[in-house]
Amino acid sequence: MRAIYASRPDQARGRLVPEEESTFRSCFQRDRDRIIHASAFRRLKHKTQVFVEHEGDYYRTRLTHSIEVGQVARTIAGALGLDLELTEAVALAHDLGHPPFGHTGEDALQDLMAPYGGFDHNAQAIRIVTRLERHYAEWDGLNLTWETLEGIAKHNGPVSEPIPYALAEYNARHDLELSTHASAEAQVAALSDDVAYNNHDLHDGLRAELFSTDELAELPLLDGCFAEVDRLYPGLNYYRRRHEALRRFFGVLVSDVIDVSRANLTALDPQGVTDIRHAGRMMVQFSPAVWKDLKVIREFLFHRMYRAPEVVAVREKVTQVVHDLFPFFMQHTDELPKQWRKDVEEVAGDETALARIVCDYISGMTDRFALHEHARLMGVDALGPLRGSGPGHARLG
């Protein structure tokens with residue numbers, strides 16, 4: 001049953017460019033479908049989640065991560081009586097703005113773009129779905145509904161000053177009310193991101209042998225999960241044991257979000273989605289106890305996975321890739337693809353506009369393409385001896 005505070009497609013605020021709506025899909029379903037068919041969504045297949053794209057086929061990529069977030073989000077949204085399609089649309093789009101090489105690539109672009117308005121992956125996602133996807137005859141971008149754009153822009157909460165240029169530019173045309181919270185659907189997408197990566201980073205770290213199962217079994221929340229598996233299945237195979245424990249951990253997180261969010265919503269007693277936006281705090285949350293335990297787990301992952309010595313080594317190498325490509329394309333715009341050169345011609349002489357075009361181009365690259373372009377243009381293999389050298393190498397945080 002749909003909750004009174006759920007977003008309703010028949011009450012949606014519409015699209016920047018009015019268009020005739022589908023007779024068999026809600027406006028939020030249509031948004032979700034357009035995101036799935038977007039070029040930027042397909043490119044997530046070869047973008048880093050934690051491990052460099054070429055490291056192996058068994059690790060998560062931005063695409064598999066986004067699919068997992070969408071699945072978790074639909075589960076939680078269904079339990080809370082929210083609109084499933086809007087929730088899934090925001091969940092699937094939340095990482096569209098990530099550049100190659102994960103947060104390492106984002107840090108590099110933030111440095112390089114500092115004189116030109118900065119770089120933020122959430123804001124870049126808005127730029128992609130409102131400008132850079134150029135497939136439709138009547139508009140740039142995907143022409144998504146206001147509710148989906150709002151969710152992409154502020155699923156993590158209100159956006160404070162200074163607003164990243166990529167978001168400010170669009171917001172000036174189509175006010176997303178950046179000072180308020182987003183819908184409950186968008187908040188579910190944000191917490192589902194936390195649930196998904198807290199779970200799968202443990203899976204991937206174990207597979208890469210960055211830490212052991214015994215070490216995980218000593219962490220809060222996980223200790224109880226392993227204890228339950230050992231009680232129910234004594235002597236279980238090593239791999240099955242850890243999988244059973246991690247799926248229980250996954251269930252603990254999802255159940256906690258549902259229980260706490262229900263309690264928050266009951267206490268607020270919202271009479272519509274507007275009450276959610278003006279509640280002054282997030283309605284979709286973990287409990288304080290689970291959040292405290294998750295911080296311990298994240299601290300463990302930070303030191304043992306994201307900042308492992310071999311990870312730091314490759315971070316430096318791919319940071320240099322981005323730092324080489326950006327000034328190169330600023331000076332050699334003739335090396336940009338034809339459609340990008342046309343954009344450059346239109347901004348003739350404006351350094352800031354040129355930098356933003358170059359940033360758009362680089363941030364859209366996959367890990368694989370960025371490495372290939374760097375090798376082609378610079379004549380060096382950026383990863384050198386790390387390339388293809390096994391599970392202990394070529395990882396990113």
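Since the model is a prediction, treat every value here as computed from it, not as a measurement.
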### Query
For the side chain to side chain donor-acceptor pair (under 3.5 Å) test, which of Glu19, Glu133, Arg15 pairs with Asn143?
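Single side chain to side chain donor-acceptor pair (under 3.5 Å) partner of Asn143 among Glu19, Glu133, Arg15: Glu19.
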#### Entry: Sole candidate of Asp201, Asp194, Asn199 that passes side chain to side chain donor-acceptor pair (under 3.5 Å) when paired with Tyr197
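That would be Asp194; it is the only one of Asp201, Asp194, Asn199 passing the side chain to side chain donor-acceptor pair (under 3.5 Å) with Tyr197.
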### Single-linkage hydrophobic cluster Val72~Leu202, side-chain heavy atoms < 4.5 angstrom
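Val72 and Leu202: one cluster.
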### Query
Are Val257 and Ile276 in one and the same hydrophobic cluster, where Ile, Leu, Val, Met, Phe, Trp and Tyr link if side-chain heavy atoms are under 4.5 Å apart?
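Val257 and Ile276: one cluster.
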#### Entry: Heavy-atom pair of closest approach, residues Glu147 and Arg13
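For Glu147 and Arg13, the tightest heavy-atom pair comes out as OE2-N, 2.8 Å.
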### Query
Quick one: side chain to side chain donor-acceptor pair (under 3.5 Å) partners of Lys338, sequence neighbours excluded?
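Partners of Lys338 by the side chain to side chain donor-acceptor pair (under 3.5 Å) criterion come out as none, since no residue qualifies.
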### Query
Is Asp95 close to His65 at the side-chain level, that is, under 4.5 Å between some pair of heavy atoms?
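Yes, side chains in contact.
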#### Entry: Side chain to side chain, Lys45 and Arg62, heavy atoms closer than 4.5 Å
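When only atoms from C-beta onward are counted, Arg62 and Lys45 do not touch, as no gap falls below 4.5 Å.
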### Query
Can you tell me how far CD of Glu177 sits from OG1 of Thr274, rounded to the nearest 0.5 angstrom?
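That separation rounds to 8.0 Å.
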### Task
Look up atom CG in Asp120 and atom CG in Leu109, then write down how far apart they are to the nearest 0.5 Å.
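Answer for the CG-CG pair, Asp120 versus Leu109, is 11.5 Å.
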### Message
Under 6.0 Å between ring centres: does that hold for His278 and His181?
### Response
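Between His181 and His278, which both carry aromatic rings, the centre distance is not below 6.0 Å.
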### Message
Would you say the ring centers of Phe211 and Phe300 fall short of 6.0 Å from each other?
### Response
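Ring-ring flag for Phe211/Phe300: true, centres closer than 6.0 Å.
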### Glu85: which of Arg8, Arg34, Arg74, Arg2 passes salt bridge (Lys or Arg N to Asp or Glu O under 4.0 Å)
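Testing Glu85 for a salt bridge (Lys or Arg N to Asp or Glu O under 4.0 Å) against Arg8, Arg34, Arg74, Arg2 leaves exactly one candidate, Arg74.
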